[in-house]
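Beneath this line is the structure, given in structure tokens, with notes to follow.
Computed from a predicted model, the values in this text were never measured in an experiment. Residue numbering restarts at 1 for every chain, and letters A, B, ... go by the order of the sequence lines.
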Amino acid sequence: MNKLNSFPKSEHLCGEIRIARLFNQGQAFIAYPMRVVFLIDTSSKLKEPVSVMVSVPKKRFKHAVNRNRLKRLMREAYRLNKHCLVEKIEEKQIQIHIAFNYISNDELDFISIEKKMKVALNKIIELIAEK
RNA sequence: AUAGUAGGUCGGUUUGUCGCCGUUUCAUUGCGAAAUGGAGGAAAGUCCGGGCAACAAAGAGCACCAUAUUUCCUAACGGGAAGCUGUUUGUGAGAGCAGAGUAGCGUAACAGAAAAUAACCACCUUGCUUUUAGCAAGGAAAGGGUGAAAAGGUGAGGUAAGAGCUCACCGGUUUGGUUGGUAACAUCCAAAGCCGUACGUCUUAUGGGUUGCAAGAUCAAGUAAACCGACGCAGUAGGGUUGCUCGCCCGAUGUCGGAGGGUAGAUUGCUAGAGGCAUAAGGUGACUUAUGUUCGAGAUAAAUGACAGACAAUUUGCGAAAGCAAAGAACAGAACCCGGCUUACAGACCUACUAUUUUU
RNA sequence: UGUCUCAUGGUGUAAUGGUAGCACUGCAGUUUUUGGUUCUGCCUGACAAGGUUCGAGUCCUUGUGAGACAA
């Protein structure tokens, strides 16, 4: 099996403390329709290089069906395109937390979300390379 | 055939690739591999009822909240079934709503004489003044354009004028009885002149401890201003017991000793149950009983998905039709579990029935 | 997930079932050489659908939207 395209539970970002730290200290930028927050974490003892969370606000999408669908699409887009980011991070021997917030009011299809996800990942790689 | 009413059932199928969560087996320091399972009729709203869990229990009176036709069903219910009465609606099959009691009290805007122990106008009697009217006292609910609602209705008798004042017929109410029904109630008979309506207050009966799985339990780390015991200020201040009253209970700061709570994390609670399906019997029915058979989500910043293709109900456009082209499934996603209710829903099917038109 | 609250002109906020008021804002006029202030007038209304009632902003039911708490 090609391990590059998997997205198991251990790569999800969970825990109230770690998420609070990400949103308090992390850097943010907007790659419409997503707002991306990330933080280079040096204190964590986990072995996964990248931890990711995805969220869709209840205010913009009232029905749970639509929220779940958008979260699934974003997870799927990340899963299929994460290999380039993971390679860079492993080269640098660091760990990173990322959060993707959906901020558009419209429900997009998979193709456009995947396109925007590639843009967002490339921008993260650039910002990390500067440091 | 078209349009509908009531009840019930279903609510996309399939191939490949890449993924997610649980379980089992194999392998194991670890990474992993294979097999297998993985959203609903409403999972929704959180409107009722119950299970389960923790805490509290000393009660009495008043208050508060909910319910309120009858019989039945149910673990229970404010739910359901079958009826009864009234009312609204539909041509109809049907559908919606209301339904304990009324002795007392309150309210009924505007309009109208008056919203109820009714006398403003008009009517009648008597007296006085006056000259065809005015004033005063009384009688009288028969007439008066209003209003949502006007003092049971029609006719006759009666009277100074009138009036259920009396009578006949009709409508209602109450009481007593007959027949039918388990009952609500209905039918019939008799008697009583007994005769406005709506809402609220009030009264009666029944039920109601509080909080909710983020309840609660366990684990390793680590320690209080919280807890327990003894002594004292002192059974005082104060607090609890449902809102109040009575009653009952607890009870402080200090000293000494003991014990280990919350928060974050992990595990558990956690999925076989008032379960489903079939047959038979009972019942008008909700439902019940018996027998057989069948099952397997359990996540926790929260899985059940993405892409590509095939089929297809159906929809739209063109067309007389055949057909061609395009689109390609509604409402909606478990979070402790059940029973209901309510709300959303493209379309398909079954049973019974209704209206209209045509044919026999 | 659970427990609750609210909805009245553009904004804020009242009213016992009986003509929906008040303040600010906006518009027009008045005053002024002009603008502001003042004064006068006007416009702008019940979250939606049912029910109870002679009559609902108000009472009842269902839905919609917004907010609070456990956090």
Side-chain angles (χ1 to χ4, degrees):
Chain A
M1 285 299 150
N2 187 3
K3 200 182 158 231
L4 282 179
N5 285 339
S6 69
F7 186 43
K9 181 69 194 297
S10 56
E11 289 184 23
H12 288 219
L13 176 61
C14 20
E16 199 171 321
I17 297 171
R18 290 200 293 161
I19 293 168
R21 197 173 60 211
L22 167 63
F23 281 100
N24 285 335
Q25 305 174 6
Q27 282 183 275
F29 63 89
I30 288 180
Y32 194 82
M34 287 178 290
R35 181 170 182 274
V36 183
V37 184
F38 72 97
L39 175 68
I40 297 169
D41 187 10
T42 50
S43 64
S44 171
K45 293 162 190 161
L46 301 173
K47 22 185 204 305
E48 276 76 19
V50 184
S51 301
V52 171
M53 64 173 286
V54 156
S55 79
V56 178
K58 197 174 187 177
K59 255 192 170 171
R60 297 179 197 274
F61 298 95
K62 293 293 177 194
H63 293 296
V65 172
N66 302 336
R67 287 200 303 274
N68 280 345
R69 177 171 170 78
L70 284 168
K71 279 152 78 173
R72 283 165 182 159
L73 289 174
M74 285 162 75
R75 265 202 299 273
E76 195 70 15
Y78 171 76
R79 183 177 71 80
L80 295 173
N81 297 286
K82 70 170 194 172
H83 47 274
C84 55
L85 177 66
V86 173
E87 283 170 12
K88 299 278 187 202
I89 302 288
E90 281 180 337
E91 281 175 15
K92 294 204 162 198
Q93 296 279 327
I94 56 172
Q95 288 164 359
I96 185 167
H97 296 338
I98 309 177
F100 295 100
N101 279 349
Y102 196 85
I103 55 169
S104 171
N105 280 326
D106 304 320
E107 212 177 320
L108 300 176
D109 60 347
F110 178 74
I111 294 171
S112 49
I113 286 180
E114 190 178 23
K115 207 184 293 173
K116 297 293 180 182
M117 180 61 76
K118 283 178 184 167
V119 173
L121 291 176
N122 286 328
K123 191 156 183 184
I124 291 175
I125 292 169
E126 282 176 27
L127 287 168
I128 289 175
E130 288 173 9
K131 299 210 167 180

Do A/Val56 and A/Asn66 come close enough that some side-chain heavy atom pair is under 4.5 Å? no
Between A/Val54 and A/Glu76, the residue closer to the 5' end of RNA chain B by nearest nucleotide is A/Val54
Flag side-chain contact, heavy atom, 4.5 Å: A/Val54 against A/Tyr78: no
Could you run down nucleotides 327-332 of chain B 5' to 3' and tag each one B, S or - for protein heavy-atom contact under 4.0 Å? -----S
Between B/rA35 and B/rC295, how far apart are the P atoms? Round to whole Å, please. 22 Å
Taking the C1' atom of each, how far is B/rG78 from B/rG207, in whole Å? 11 Å
Rounded C1' spacing from B/rC47 to B/rA66 in Å: 13 Å
Based on the glycosidic angle (syn within 90° of 0, else anti), state the conformation of B/rG164. syn
Between CZ of A/Phe38 and CG of A/Leu121, what distance do you get to the nearest 0.5 Å? 11.5 Å
Whole-Å distance between B/rA302 C1' and A/Met53 CE? 11 Å
Between B/rA330 and B/rA42, how many Å separate the two C1' atoms, rounded to a whole number? 13 Å
Minimal heavy-atom distance between A/Ala77 and A/Asn81, with the atoms involved, is O-ND2, 2.7 Å
A/Ile103 CD1 to A/Met34 CE distance, which is reported to the nearest 0.5 Å: 9.5 Å
Any idea if B/rG155 is syn or anti, going by the 90°-from-0 cut? anti
Quick one: look up who B/rG333 pairs with, Watson-Crick or G-U, both distances under 3.5 Å, and put none if it's unpaired. none
RNA chain C: stems of at least 3 consecutive Watson-Crick or G-U pairs whose donor-acceptor distances fall under 3.5 Å: C:1-7 with C:64-70, C:10-13 with C:21-24, C:26-29 with C:39-42, C:47-51 with C:59-63
Mind checking the P distance from B/rG106 to B/rA116? Whole angstroms is fine. 10 Å
Rounded to whole Å, how long is the line connecting atom CG of A/Leu70 with atom C1' of B/rG333? 14 Å
In Å and rounded to the nearest 0.5 Å, what is the CZ to CG distance from A/Arg69 to A/Asp109? 8.5 Å
Any strand is fair game: report the nucleotide pairing with B/rA237 by Watson-Crick or G-U wobble, both distances under 3.5 Å, or none. none
Now, which nucleotide makes the Watson-Crick or G-U wobble pair with B/rA272, with each of the two distances under 3.5 Å? none
C/rU3 to B/rA252 separation - P atoms, rounded to the nearest Å: 39 Å
CD on A/Glu114 to NZ on A/Lys118, rounded to 0.5 Å: 5.0 Å
Please figure out whether A/Asn66 or A/Lys71 has its closest RNA chain B nucleotide nearer the 5' end. A/Lys71
Rounded to whole Å, please give me the gap between CG in A/Asn68 and P in B/rA306. 11 Å
Determine the interatomic distance between C1' on B/rA302 and the same-named atom on B/rC21; round to the nearest Å. 11 Å
Nearest-Å distance for atom pair CD1/P, residues A/Ile98 and B/rA301: 19 Å
Watson-Crick or G-U wobble mate for B/rU291, both contacts under 3.5 Å: B/rA278
Side chain proximity check, A/Lys82 to A/Val50, heavy atoms < 4.5 angstrom: no
With both distances under 3.5 Å as the test, what is the Watson-Crick or G-U wobble partner of B/rU5? B/rA352
Once you apply the 3.5 Å cut-off to both distances, tell me the Watson-Crick or G-U wobble partner of B/rC77, or none. none
In Å, rounded to the nearest 0.5 Å, how long is the span from CZ of A/Phe29 to CG of A/Leu127? 6.0 Å
Syn or anti for B/rA39? Use the chi torsion, O4'-C1'-N9-C4 for purines and O4'-C1'-N1-C2 for pyrimidines, with syn inside 90° of 0. syn
When you group the ILVMFWY residues by side-chain heavy-atom contacts below 4.5 Å and let the links chain together, are A/Leu70 and A/Val65 in the same group? no
Counting Watson-Crick and G-U wobble pairs only, both distances under 3.5 Å, name the nucleotide matched with B/rA192, or none. B/rU173
If you take all heavy atoms of A/Met117 and A/Met74, which pair is closest and at what distance? CE-O, 3.7 Å
Between C1' on B/rU304 and CZ on A/Arg75, what's the gap in Å once rounded to a whole number? 11 Å
Min side-chain heavy-atom separation A/Tyr102-A/Leu73 under 4.5 Å: no
Charged N to carboxylate O below 4.0 Å: is that the case for A/Lys123 and A/Glu126? no
Tell me which nucleotide, if any, is Watson-Crick or G-U wobble paired with B/rA198 when both distances must be under 3.5 Å. B/rU107
When rounded to whole Å, the NZ to P distance for the pair A/Lys115 and B/rC307 reads 14 Å
What is the distance from CD1 of A/Ile111 to P of B/rC307, rounded to the nearest Å? 8 Å
Report yes if a donor N or O on one partner sits less than 3.5 Å from an acceptor N or O on the other, where the partners are the side chain of A/Arg79 and the base of B/rC20; otherwise report no. no
With a non-hydrogen cut-off below 4.0 angstrom, is A/Arg67 in contact with a base, only sugar-phosphate, or nothing? nothing
Look at the side-chain heavy atoms of Ile, Leu, Val, Met, Phe, Trp and Tyr, link any pair under 4.5 Å apart, and say whether A/Ile113 and A/Val119 land in one connected group. no
For nucleotides 64-68 of chain C, which of its nitrogen or oxygen atoms have a protein nitrogen or oxygen under 3.5 Å away, and what is each distance?
residue : atom : partner : partner atom : Å
C/rA66  : OP1  : A/Lys62 : NZ           : 3.3
C/rA66  : OP2  : A/Lys62 : NZ           : 3.0
C/rG67  : OP1  : A/Lys59 : NZ           : 3.4

To the nearest angstrom, the CD1-P distance between A/Ile113 and B/rA306 comes to 11 Å
Taking the same atom, P, in B/rU179 and in B/rG164, what whole-Å distance lies between them? 40 Å
I'd like to check A/Ile96 versus A/Ile124 (side-chain heavy atoms, cut-off strictly below 4.5 Å). Are they in contact? yes
Strictly below 4.0 Å: does A/Arg72 bring a side-chain N or O up to OP1 or OP2 of B/rG333? no
Applying a 4.0 Å non-hydrogen cut-off, can you work out what A/Leu73 is touching in the nucleic acid: base, sugar-phosphate, or nothing? sugar-phosphate
